[in-house]
Participant: 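My structure is below; once you've seen it, I'll send some questions.
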Amino acid sequence: MSTSQTPAASAPTRRSVELDPAEALRLLSEVPLGRIVFTRHALPTIRPVNHLLDNGDVVIRTQEGTALTTRAHEADDRGVVVAYEADSIDPETHLGWSVVVTGYALPVTDPADLARYRTMLTPWVTGTMDQAIRIRPELVTGIRLTSAESDE
């Protein structure tokens with residue numbers, strides 16, 4: 001048996017550790033990009049976006065007329081159900097973390113809040129990103145991927 005066919009006995013053992021919601025939100029605040037998940041034509045749709053955290057809410061900027069913006073504007077007072085995921089996982093060691101926020105998305109309509117988000121959150125794509133969506137978390141979950149030997 002060649003070395004490329006030998007079992008990965010020497011590969012590090014990893015484990016998954018649940019994060020509490022506060023730690024998950026703290027980690028989420030440390031990365032600039034994530035993925036928003038929403039339904040479009042009754043099917044899941046995922047878009048990469050950048051974000052910020054504001055008083056425990058996830059805020060993203062978007063364009064008028066996009067599927068998410070339209071859905072959020074058409075939703076009732078509670079909002080449209082979405083999930084937001086971000087992670088930081090080392091491609092070589094496979095160690096890191098992943099966080100998922102599930103909640104309700106509503107358009108930001110307060111002019112002062114919109115102006116503040118426009119200065120705080122620079123879109124990562126070209127175009128007029130004149131809208132903002134606020135995700136109010138109902139469920140915050142996360143895992144940390146650590147080596148089996150780690151005390152974390």
Participant: Evaluate the side-chain proximity of V58 to L28: yes if any heavy-atom separation is below 4.5 Å, no if none is.
Facilitator: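 Side-chain contact under 4.5 Å: yes.
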
Participant: Output yes when a side-chain donor or acceptor of R118 lies under 3.5 Å from a complementary backbone atom of D130, and no otherwise.
Facilitator: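 Yes, because the side chain of R118 sits within donor-acceptor range (under 3.5 Å) of the backbone of D130.
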
Participant: Of the non-hydrogen atoms in L53 and L25, which two are nearest, and what is the gap between them?
Facilitator: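 In this case the closest contact between L53 and L25 is CD2-O, 3.4 Å.
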
Participant: By the ring pair (Phe, Tyr, Trp, His ring centres under 6.0 Å) test, which pairs, at least two apart or in different chains, include something from residues 44-101?
Facilitator: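 As it turns out, the ring pair (Phe, Tyr, Trp, His ring centres under 6.0 Å) pairs with a partner in residues 44-101, which skip direct neighbours, are H51-Y84.
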
Participant: Nearest heavy-atom pair of S88 and V31: which atoms, and what distance?
Facilitator: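 Result for this residue pair: CB-CG1, 4.4 Å.
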
Participant: Side chains of I135 and V59, heavy atoms from C-beta outward: is any pair under 4.5 Å?
Facilitator: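 Contact flag for I135/V59 side chains = no.
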
Participant: Check this for me, if you would: do E23 and R26 make a salt bridge, where the nitrogen-to-carboxylate-oxygen distance has to be below 4.0 angstrom?
Facilitator: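 A salt bridge is present here (some side-chain N lies under 4.0 Å from a carboxylate O).
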
Participant: Hey, does the side chain of D113 reach the backbone of R116 with a donor-acceptor pair shorter than 3.5 angstrom?
Facilitator: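 No; zero donor-acceptor contacts below 3.5 Å.
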
Participant: Taking R144 for its side chain and G96 for its backbone only, find out whether a donor-acceptor pair lies under 3.5 Å.
Facilitator: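 No, the answer is negative, given that no donor and acceptor are paired below the 3.5 Å cut-off.
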
Participant: For the atom pair CD (E74) and CG (D76), what is the distance rounded to the nearest 0.5 Å?
Facilitator: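 Result: 11.5 Å between the selected atoms.
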
Participant: Identify the two heavy atoms, one from P137 and one from G56, that lie closest to each other, and give their separation to 0.1 Å.
Facilitator: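 Closest heavy-atom pair between P137 and G56: CG-O, 3.2 Å.
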
Participant: Answer yes or no: is there a side-chain heavy-atom contact under 4.5 Å between R61 and M120?
Facilitator: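 Of all side-chain heavy-atom pairs linking M120 with R61, none is under 4.5 Å.
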
Participant: Hey, quick one: are L106 and I36 part of the same hydrophobic cluster, counting side-chain heavy atoms closer than 4.5 Å, chains of contacts allowed?
Facilitator: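 No; tracing contacts between hydrophobic side chains, which count when under 4.5 Å, never links both residues.
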
Participant: Looking only at heavy atoms, what is the nearest atom pair of T69 and I133, with distance?
Facilitator: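 Heavy-atom minimum between the residues: CA-CD1, 4.4 Å.
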
Participant: If hydrophobic clusters are built by linking Ile, Leu, Val, Met, Phe, Trp and Tyr wherever their side-chain heavy atoms come under 4.5 Å apart, do V80 and F38 end up in the same one?
Facilitator: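 Result: yes, single cluster for both.
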
Participant: For the side chain of D54 and the backbone of D57, is there at least one donor-acceptor N/O pair under 3.5 Å apart?
Facilitator: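 Between the backbone of D57 and the side chain of D54 there is no qualifying donor-acceptor contact (under 3.5 Å).
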
Participant: Taking it one step at a time, do R78 and Y104 satisfy side chain to side chain donor-acceptor pair (under 3.5 Å)?
Facilitator: CA-CA 7 Å; R78 191 161 187 192; Y104 295 91; 3.2 Å; yes

Participant: Among all residues two or more places apart in sequence or in another chain, which pass the side chain to side chain donor-acceptor pair (under 3.5 Å) test with S98?
Facilitator: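 Applying side chain to side chain donor-acceptor pair (under 3.5 Å) to S98 gives E85.
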
Participant: What heavy-atom pair brings L121 and L52 nearest, and what distance separates the two atoms?
Facilitator: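 Residues L121 and L52, closest heavy atoms: CB-CD2, 3.6 Å.
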
Participant: Does V82 reach the side chain of R71, with side-chain heavy atoms less than 4.5 Å apart?
Facilitator: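 No; the side chains remain at least 4.5 Å from each other.
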
Participant: Going by heavy atoms in the side chains, are T146 and R15 under 4.5 Å from each other?
Facilitator: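 A side-chain contact under 4.5 Å exists here.
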
Participant: Write down the atom of A86, the atom of G34, and the distance for their closest heavy-atom approach.
Facilitator: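 Minimum heavy-atom contact is CB-CA, 4.0 Å.
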
Participant: Under a 4.5 Å cut-off applied to non-hydrogen side-chain atoms, are D90 and L145 in contact?
Facilitator: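 Answer no - side chains too far apart.
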
Participant: Is there a side-chain contact between I60 and L68 (heavy atoms, below 4.5 Å)?
Facilitator: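 The answer is yes; the side chains approach within 4.5 Å.
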
